[in-house]
Amino acid sequence: MHLVISQLIGVSYAVLFRRRRFDLASGIGWGVSYGFLWWVLGDLTLLPVLTGAPPQWSAAGIAAGFPSLVGHLGYGAALGAVYYRLEERTNPWWFRRSTAEAERVAAQQDQTLGSAQHCGH
């Protein structure tokens, strides 16, 4: 069952984060963030509720779930890295499919370049 849930989470990551990264580091960052989200949703919220317990949002519940957090972050990092490499091979960011997609990529690049200019001052 855990493997099926992991596959569904991986597919949802691919749907939600399609073409949302510029490099491997951003892919890993999105993956780690997604892993953290699923730790909160799954381990701390849904799993206890489905077993008849209240959500584990207390300090003790979070501390007890810490080993699971490490696993979720690792899964997210691997998911982000693998998805980045797969998408890079089949759908590189510089290959634009439509005018709207081209405008979105240009806006993202402008935003990135604008952020980089502010870091130097």
Side-chain angles (χ1 to χ4, degrees):
M1 189 62 180
H2 198 260
L3 183 60
V4 171
I5 292 169
S6 297
Q7 290 174 342
L8 292 174
I9 290 171
V11 168
S12 69
Y13 177 88
V15 169
L16 292 172
F17 294 97
R18 182 178 171 264
R19 302 182 95 179
R20 297 273 187 244
R21 79 295 167 274
F22 292 108
D23 55 17
L24 180 59
S26 65
I28 292 172
W30 282 117
V32 168
S33 299
Y34 203 59
F36 178 78
L37 171 74
W38 277 104
W39 175 70
V40 172
L41 285 177
D43 205 48
L44 299 181
T45 307
L46 293 175
L47 183 61
V49 168
L50 292 174
T51 59
Q56 300 297 313
W57 296 336
S58 66
I62 291 171
F66 185 76
S68 177
L69 170 63
V70 174
H72 280 85
L73 296 179
Y75 170 78
L79 176 64
V82 168
Y83 183 71
Y84 169 77
R85 291 294 183 201
L86 290 173
E87 190 178 44
E88 180 184 47
R89 279 191 332 189
T90 60
N91 193 16
W93 64 269
W94 61 86
F95 180 73
R96 299 177 180 120
R97 294 184 179 199
S98 69
T99 303
E101 182 69 18
E103 290 172 1
R104 186 184 67 76
V105 169
Q108 285 179 336
Q109 289 172 340
D110 288 343
Q111 181 181 11
T112 302
L113 292 175
S115 299
Q117 290 172 355
H118 292 296
C119 290
H121 296 319

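Note that these values count all heavy atoms, side chains included, but never hydrogens, waters or copies made by symmetry.
Checked by atom type and distance alone, the side chain of Gln56 pairs as donor or acceptor with a backbone atom of Pro54 at under 3.5 Å.
Here the closest heavy-atom approach between residue Leu44 and residue Gly61 is recorded as CD2-O, 4.0 Å. The shortest heavy-atom contact between Pro48 and Gly42 is CD-O, 4.0 Å. Between Thr45 and Pro55, the closest heavy-atom pair is CA-CB, 4.4 Å. Nearest heavy-atom pair across Val32 and Ala77 is CG2-CB, 3.7 Å.
There is no path of hydrophobic side-chain contacts, each under 4.5 Å, that joins Val49 to Trp39. Two different hydrophobic clusters hold Val11 and Leu46 under the rule that ILVMFWY side chains link at heavy-atom gaps under 4.5 Å. Hydrophobic clustering places Ile5 together with Leu37 (ILVMFWY residues linked when any side-chain heavy atoms are closer than 4.5 Å, directly or through intermediates). Connection of Val15 to Tyr13 is not established within any shared hydrophobic cluster, with ILVMFWY side chains joined at heavy-atom distances below 4.5 Å, either directly or through further cluster members.
Trp38 and Tyr34 form a side-chain donor-acceptor contact under 3.5 Å, judged by distance and modelled atom types alone.
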> Does the pair Tyr84 and Trp30 meet the rule for a side chain to side chain contact (heavy atoms under 4.5 Å, CB included), with working shown?
Replying inline: CA-CA 10 Å; Tyr84 169 77; Trp30 282 117; over 6 Å; no

When the side chains of residues 66-74 are checked against the rest of the protein, which donor-acceptor pairs come out under 3.5 Å, sequence neighbours left out?
residue : atom : partner : partner atom : Å
Ser68   : OG   : Asp43   : OD2          : 3.3
Ser68   : OG   : His72   : ND1          : 3.2
His72   : ND1  : Ser68   : O            : 2.8

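In this structure Tyr75 satisfies the side-chain contact (heavy atoms from CB on, under 4.5 Å) test together with Ser6, Ile9, Leu79, sequence neighbours excluded.
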